[in-house]
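Take a look at the structure below.
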Amino acid sequence: MPQPELPEAVAIRVSALSCNATEPQRALMEQLAERRREPNGGETAVEDLVELGEERQAAVNFFKELEAAGAGKFLPGRRGHSTRIKWESSGAIEVAKTFINSTMTPDEAERVMRQAKENTAVAEGGASATPHEYLRTHSLHLRPDLIVSIELPIDLTKEEGKRLAKFVRSIPF
């Protein structure tokens with residue numbers, strides 16, 4: 001069964017990470033990209049990166065950056081489980097291929113990472129808006145002489161779509 005495509009906003013942030021990647025990080029992503037099947041349990045352990053020559057703290061930081069990019073969920077080691085990343089539904093292979101095939105320049109990567117940090121500040125209560133590059137405008141000809149538009153995140157989730165539909169249905173007429 002093929003994995004879902006990587007959301008565009010995640011792909012952009014993963015591509016940005018590749019610009020400053022270390023050799024062990026690149027080696028891990030190359031190994032993942034060459035796989036035919038997803039890793040067991042959809043997870044990759046920090047030890048896999050450490051075995052390739054990355055220092056443990058740098059490996060942990062890389063997995064946290066992947067989480068911040070939306071590629072998966074960072075899980076610290078507890079009760080016999082290793083520190084790891086649990087890949088999102090698009091999977092490790094798709095993330096790794098995006099990482100490896102990135103053509104983003106360091107300047108573009110710096111801009112994307114700066115925008116991602118601003119987005120994090122917004123999510124944590126900051127006042128700035130979502131950057132335009134992560135939004136897509138959708139338009140509807142409501143009447144012959146009226147077009148309504150709405151900007152939505154490129155990576156709008158099904159749950160967010162349901163909330164938005166519920167909001168529109170709640171508007172009094």
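Every heavy atom of this structure was used, including side-chain atoms; hydrogens, water molecules and symmetry mates were not.
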Do [X] and [Y] land in one hydrophobic cluster if side-chain heavy atoms of ILVMFWY residues count as linked below 4.5 Å?
| X | Y | result |
| --- | --- | --- |
| V95 | F62 | yes |
| L17 | F74 | yes |
| I100 | I93 | no |

So, for [X] and [Y], which heavy atoms are closest and what is the spacing to 0.1 Å?
| X | Y | result |
| --- | --- | --- |
| A33 | A96 | N-CB, 3.5 Å |
| A59 | V50 | CB-CG2, 4.1 Å |
| G77 | T83 | N-OG1, 2.9 Å |

[X]: which other cluster members, linking ILVMFWY side chains closer than 4.5 Å, directly or transitively?
| X | value |
| --- | --- |
| L142 | L140, L146, V148 |
| I147 | none |
| L75 | none |

Please report the interatomic distance [atom1]([X]) to [atom2]([Y]), rounded to the nearest 0.5 Å.
| X | Y | atom1 | atom2 | value |
| --- | --- | --- | --- | --- |
| L52 | M29 | CG | CE | 12.0 Å |
| R26 | S18 | CZ | OG | 5.5 Å |
| K73 | E43 | NZ | CD | 12.0 Å |
| R35 | T44 | CZ | OG1 | 7.0 Å |
| E88 | E67 | CD | CD | 8.5 Å |
| D155 | E8 | CG | CD | 9.5 Å |

Original post:
More than 12 foreign heavy atoms under 6.0 Å from CD of E30: is that the case here?
Top reply: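 Enclosed: over 12 neighbouring heavy atoms sit under 6.0 Å from CD of E30.
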
Original post:
Checking Q25 side chain against T22 main chain: does a donor-acceptor pair fall under 3.5 Å?
Top reply: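 At least one qualifying donor-acceptor pair exists.
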
Subject >> N/O donor-acceptor pair under 3.5 Å between R13 side chain and L66 backbone >> reply: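 Here the side-chain-to-backbone pair does not exist.
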
Original post:
Should P76 and H81 count as side-chain neighbours, where that means a heavy-atom distance under 4.5 Å?
Top reply: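 No, side chains not in contact.
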
Original post:
Any side-chain heavy atom of L49 sitting closer than 4.5 Å to one from F63?
Top reply: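 Answer yes - side chains close enough.
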
Among residues at least two apart in sequence or on other chains, which ones pass side chain to side chain contact (heavy atoms under 4.5 Å, CB included) with [X]?
| X | answer |
| --- | --- |
| H138 | R136, I150, L152 |
| E51 | none |
| K162 | K158, E159 |

**OP:** Would you please say whether a donor-acceptor pair under 3.5 Å links the side chains of N61 and E65?
**Re:**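 No - no donor-acceptor pair under 3.5 Å links their side chains.
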
**OP:** For the pair S15 and T98, evaluate side-chain contact (heavy atoms from CB on, under 4.5 Å) and give the outcome as yes or no after the intermediate values.
**Re:** CA-CA 6 Å; S15 293; T98 300; 3.6 Å; yes

Original post:
Salt bridge check: are R56 and E47 linked by an N-O gap of less than 4.0 Å?
Top reply: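 The answer is yes: the pair qualifies as a salt bridge.
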
